[in-house]
Amino acid sequence: MSRPFYITTTLPYVNADPHIGFALEIVQADALARALRLQGHDVFFNTGTDEHGQKIFEAAQKAGKDVQEYVDYYANEVKKLREVLDLSNDAFIRTTEGYHIEAAQEMWRRCDAAGDIYKKHYEGLYCVGCEEYKTERELENGRCLLHPTLEPQTIAEENYFFRFSKYQDKLLEYLSRPDSIIPEWRRTEAIEFVKAGLEDFSISREKERLSWGIPVPGDDNQVMYVWFDALTDYISTLGWPTDPEGKFKKFWEGGHVLQMAGKDQVRFQSLMWQAMLMSAQVKNTDQIFYHGFIVSNGQRMSKSLGNVISPYDLVKKYGTDATRYLLLRHAHPFQDSDVTWEKLDEWYNAGLANGLGNLASRVMKMAEEHLTESVTVPEREDFSEYFALLDAFKFNEACDLVWQKIAEADVKIQETQPFKVVKEDPEKGRALIADLAVRLYTIGRMLNPLMPATSQIIKDAVKANKKPENMFSRKEA
């Protein structure tokens with residue numbers, strides 16, 4: 001039975017160009033959205049940009065640009081990913097948009113009405129990279145684990161705080177559902193964090209120190225902490241709180257809500273955000289999938305190390321569908337994945353140039369030469385095993401299943417040699433070639449969520465009984 005599905009990625013900060021880690025997340029989300037639509041589900045797929053906060057404010061100042069001009073530029077760079085990666089998202093939200101600002105302020109008012117917001121003087125170590133205060137247990141040698149090159153700043157100011165500690169038991173109850181977090185060890189991580197004790201967190205900044213943020217309702221001297229603001233985008237994009245088009249009711253309240261995020265987001269997405277929803281009396285997220293990082297030669301990618309790989313550079317070298325393939329098949333869904341240009345070339349040549357591209361070329365060359373008309377393809381096929389892998393976020397295994405069929409077709413050609421048989425026994429040879437063309441069409445169908453353009457090219461070629469243009473040329477180092 002079909003049901004509404006809501007899928008959202010995190011929103012990347014607009015203080016730099018998009019990186020390969022976010023490209024992985026958004027391509028995974030897109031493949032899942034496409035697969036769910038093929039299974040008959042109504043899907044709303046959201047992404048966008050996070051545009052407030054000190055990190056962005058400082059980056060704009062350093063670049064000598066007006067902050068709005070600065071975020072407009074980088075938001076557009078992220079928005080370009082839709083075309084560059086052939087994405088099918090239904091919405092692209094910017095947290096500087098008016099409707100989102102109104103929603104974030106309504107979230108504040110509801111949490112305040114629940115008695116969960118209070119003001120106090122606070123002094124602590126602040127990591128600009130994370131846009132949050134850090135406790136001693138979150139530091140190693142006095143530095144943030146995620147931003148070891150940044151020295152935390154000691155900041156003393158009066159801020160508003162959210163009563164995070166109030167929701168300890170409710171969060172443990174929420175996390176008790178086995179499917180609330182995928183993979184399982186991330187759920188364990190979240191539970192352990194809650195059991196260690198929750199501390200109320202700051203949700204505002206003094207406007208005098210940081211002007212670039214959403215004003216706190218009823219206090220012109222404070223702006224919202226960027227995380228409190230940005231997390232609300234997951235529901236503001238659906239029209240919450242007024243819900244003029246009924247999208248919030250349909251997809252959030254009545255559908256399966258899935259968030260996709262990197263492994264460093266567990267505390268924000270599965271704890272802080274869920275506590276905010278509880279406070280505002282809004283349904284909690286049904287499920288959150290956390291992917292691993294992409295590293296290079298064992299090191300996390302960073303501009304200072306010069307090992308950053310841009311999704312735009314990937315597409316420039318390999319093409320859109322090949323980039324999608326490389327991310328979906330060769331980045332592990334749950335673990336960190338080591339990626340280098342040398343490995344990318346190797347994976348591309350093996351799987352695409354020598355694999356899929358070669359098979360499509362060989363089969364359709366024989367079909368065009370020896371079949372008088374296109375083959376009859378089955379109306380329906382059983383892809384339940386394939387969809388089950390995608391639904392379980394096992395993108396690499398779903399790809400492996402497709403490439404298993406490619407390998408089986410290659411073996412069939414090698415064992416039966418239809419190019420020879422068709423000369424000696426034309427009827428038998430044509431039957432072998434027709435079987436291969438049908439197999440190729442099935443492969444094309446399966447590629448739809450992974451490589452949509454390639455899927456269409458293959459299906460069109462089989463239906464037209466024409467050899468397609470060379471799709472994947474070999475890459476030399």
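Quantities reported herein were computed from a predicted structural model and do not represent experimental measurements.
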Cation-pi check, Lys65 to Tyr73: give yes when NZ or CZ is under 6.0 Å from the six-membered ring centre and within 45° of the ring axis, no otherwise. yes
Could Arg3 and Phe5 be counted as a cation-pi pair, given that NZ or CZ must be under 6.0 Å from the ring centre and within 45° of the axis? yes
Is the gap between the ring centers of [X] and [Y] under 6.0 Å?
X: Phe268; Y: Trp273; answer: no
X: Phe57; Y: His52; answer: no
X: Tyr160; Y: Trp108; answer: yes

Under a 3.5 Å cutoff, is there a donor and acceptor pairing between the side chains of Thr8 and Gln259? no
With no hydrogens and no angle check, do the side chains of Gln54 and Arg209 hold a donor and an acceptor under 3.5 Å apart? yes
Point-to-point distance, once rounded to the nearest 0.5 Å, from CG of Asn354 to CG of Leu359: 12.0 Å
Looking at CG of Asn46 and CD1 of Ile7, how far apart are the two atoms once the value is rounded to the nearest 0.5 Å? 10.5 Å
Applying side-chain hydrogen bond (donor to acceptor under 3.5 Å, both in side chains), run through Tyr312 and Asp17 and close with a yes or a no. CA-CA 10 Å; Tyr312 295 114; Asp17 289 322; over 6 Å; no
Any idea how Phe201 and Phe162 line up, ring-wise: parallel (<30°), tilted (30 to 60°), or perpendicular (>60°)? tilted
What verdict does the side-chain hydrogen bond (donor to acceptor under 3.5 Å, both in side chains) test give for Thr320 and Asp86, after you've listed the backbone C-alpha separation in whole Å, the side-chain angles of each residue and the deciding distance to 0.1 Å? CA-CA 7 Å; Thr320 294; Asp86 194 6; over 6 Å; no
Test log, rule side-chain hydrogen bond (donor to acceptor under 3.5 Å, both in side chains), inputs Asp400 and Gln404: CA-CA 6 Å; Asp400 287 346; Gln404 179 184 319; over 6 Å; no
